[in-house]
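First up is the structure itself, then whatever we jot down about it.
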Amino acid sequence: MFPMTKEQMNAYKMRITQAGIGEFCVIMFEMEIQWIEEALSAYETDNREVFVSCVTKAQAVQVELMNIMNVENDAGYDVYSIFAFINKELIRAKLKGQPLELARCKGMLEKLHHSFIEVAKTDDGGALIKGSEKVYAGLTYGATGLVESSVGGTQYSV
């Protein structure tokens with residue numbers, strides 16, 4: 001399952017350009033969960049270098065989630081506390097070179113992910129990246145594989 005492919009990264013990038021803050025959080029959860037899954041797979045195959053790399057990437061996403069969390073209300077503060085715990089466990093796993101509590105953290109993220117999907121449905125603030133092009137399903141075959149075109153002429157190789 002590891003490492004995350006260029007195509008998967010492009011799909012995340014494409015979604016991010018169209019996302020509001022709620023969907024952006026959902027995408028970040030999905031990325032972090034995937035990095036943790038890849039870290040666990042790398043550990044199982046005794047690939048410590050990939051394990052540490054994936055945990056580092058998961059932690060970078062976790063820090064971003066912590067940075068955008070609104071802690072001015074009780075619910076936000078409680079979620080931030082969970083994020084802080086997960087961040088601590090990611091750091092411990094990286095330092096020890098072992099998964100320790102990563103499976104537990106993944107489960108916590110999956111539960112929060114479901115909640116954030118529901119919250120994202122109420123987000124009507126529009127895309128975070130203003131002026132980004134709308135992307136419509138426009139796959140064509142190019143010289144190097146599938147090419148996804150967007151309105152405005154930008155092309156993304158997949």
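Residues take their numbers from the sequence shown, with the count starting at 1.
Annotation for Leu40 and Pro99: closest pair CD2-CB, 3.5 Å, computed over non-hydrogen atoms. The shortest heavy-atom contact between Gly22 and Ala120 is C-CB, 3.5 Å.
With rounding to the nearest 0.5 angstrom, the CD1 atom of Ile68 is 7.5 Å from the CZ atom of Phe83. Going from atom CG of Leu65 over to atom SG of Cys25 covers 6.0 Å, rounded to the nearest 0.5 Å. Taken from CZ in Phe116 to CD in Glu23, the straight-line distance is 12.5 Å, to the nearest 0.5 Å. Rounding to the nearest 0.5 angstrom, the gap separating the CD1 atom in Ile36 from the CG atom in Leu90 is 5.0 Å. Taken to the nearest 0.5 Å, the CD atom of Gln62 stands 13.0 Å off from the NZ atom of Lys88. Between Arg48 atom CZ and Tyr43 atom OH the span is 4.5 Å, to the nearest 0.5 Å.
The cluster map of Ile, Leu, Val, Met, Phe, Trp and Tyr, joined by side-chain heavy atoms under 4.5 Å apart, puts Val50 and Leu100 in different clusters. Criterion: ILVMFWY side-chain heavy atoms under 4.5 Å apart, direct or through other members. Under it, Leu95 and Val55 are not part of a common hydrophobic cluster. Following chains of ILVMFWY side-chain contacts shorter than 4.5 Å, one cannot reach Leu102 starting from Val63, and the two form parts of different hydrophobic clusters. Linking ILVMFWY side-chain heavy atoms closer than 4.5 Å, directly or via other members, places Ile86 and Ile91 in two distinct hydrophobic clusters. Hydrophobic cluster membership is shared by Met66 and Leu112, with clusters built from Ile, Leu, Val, Met, Phe, Trp and Tyr side chains linked at under 4.5 angstrom.
The environment of Asp74 atom CG is sparse: at most 12 non-hydrogen atoms of other residues, nucleotides or ligands sit within 6.0 angstrom.
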For side-chain contact (heavy atoms from CB on, under 4.5 Å), just list the numbers for Phe51 and Asn47, CA-CA rounded to whole Å, side-chain angles, deciding distance to a tenth of an Å, and then say yes or no.
CA-CA 6 Å; Phe51 171 80; Asn47 191 335; over 6 Å; no
side-chain contact (heavy atoms from CB on, under 4.5 Å) between Phe85 and Cys105: does it pass, once the steps are laid out?
CA-CA 9 Å; Phe85 170 79; Cys105 291; 4.3 Å; yes
Does the pair His113 and Ile33 meet the rule for a side-chain contact (heavy atoms from CB on, under 4.5 Å), with working shown?
CA-CA 9 Å; His113 174 252; Ile33 290 166; 4.3 Å; yes
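Between the Thr122 side chain and the Glu118 main chain, no donor and acceptor come within less than 3.5 Å of each other.
The side chain to side chain contact (heavy atoms under 4.5 Å, CB included) with Phe29 is formed by just one residue from the set Ile117, Leu109, Val61; it is Leu109.
Applying the salt bridge (Lys or Arg N to Asp or Glu O under 4.0 Å) rule to pairs touching residues 98-116 yields Glu37-Lys106, Glu101-Arg104, Lys106-Glu110, sequence neighbours excluded.
Glu32 and Gln59 share no side-chain donor-acceptor pair at under 3.5 Å. In this model, no donor atom of one side chain and acceptor atom of the other lie less than 3.5 Å apart for Gln34 and Glu30.
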